[in-house]
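Residue numbers start at 1 and run along the sequence shown. In each ligand, atom 1 is the first atom listed, and ligand 1 is the first ligand listed. Only heavy atoms go into these numbers, but all of them, side chains included; no hydrogens, no water, no symmetry mates.
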Amino acid sequence: MTARFDFPPACLGQDPEIWFPLQESDEGERPTSGEARALLICRGCPIAAECLADRLAWEVGTKTDPWGVCGGKTAAQRRALVRSRKPVAA
Ligand code: SF4
């Protein structure tokens with residue numbers, strides 16, 4: 001079996017609830033204190049870019065409204081990223 005990543009994610013072994021704070025910021029707002037805690041951990045994650053790409057692909061593919069912190073971005077930040085993407089010519 002091949003490992004998906006060469007380095008373990010920074011959230012490995014942490015309480016998953018950290019990434020799903022009770023209060024979430026809206027677009028344009030500063031992250032809540034709960035989000036900031038998760039973002040701080042994500043900032044040191046060696047696979048943050050891959051994590052964000054996977055999460056965005058899933059959220060777009062399933063048309064799921066983002067929630068929680070993932071890939072170093074809050075739900076509001078990911079929502080803004082998706083909305084700002086440019087259409088790809090076929
Ligand atoms: S970037 Fe993704 S894999 Fe890394 S700590 Fe954050 S949520 Fe976990």
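In summary, Cys42 places no N/O/S atom under 2.8 Å from atom 4 (Fe) of ligand 1, failing the contact criterion. At a cut-off of 2.8 Å, Cys70 is not counted among the residues with an N, O or S atom near atom 2 (Fe) of ligand 1.
Atom CZ of Arg37 has 12 or fewer heavy atoms from other residues, nucleotides or ligands within 6.0 Å.
Side-chain contact of Thr32 with Glu24: a donor-acceptor pair under 3.5 Å is absent, judged by distance alone.
Annotation: cation-pi geometry not satisfied between Arg55 and Trp19 (NZ/CZ under 6.0 angstrom from ring centroid, within 45° of ring axis).
By the 4.5 Å heavy-atom criterion applied to side chains, Arg85 and Val60 are counted as neighbours. A heavy-atom distance below 4.5 Å is found between the side chains of Arg79 and Asp65.
For atom 4 (Fe) of ligand 1, the nearest protein heavy atom (residue, atom name, distance) is Cys45 SG, 2.3 Å. Nearest protein heavy-atom contact of atom 2 (Fe) of ligand 1 is Cys51 SG, 2.3 Å. Nearest protein neighbour of atom 5 (S) of ligand 1, counting heavy atoms only, is Cys11 N, 3.5 Å. For atom 3 (S) of ligand 1, the closest heavy atom belonging to the protein is Pro9 CB, 3.4 Å.
The atoms of ligand 1 that sit less than 4.0 Å from any heavy atom of Ala48 are 1 (S).
Note that the CD atom of Glu50 and the SG atom of Cys45 stand 8.5 Å from one another [nearest 0.5 Å].
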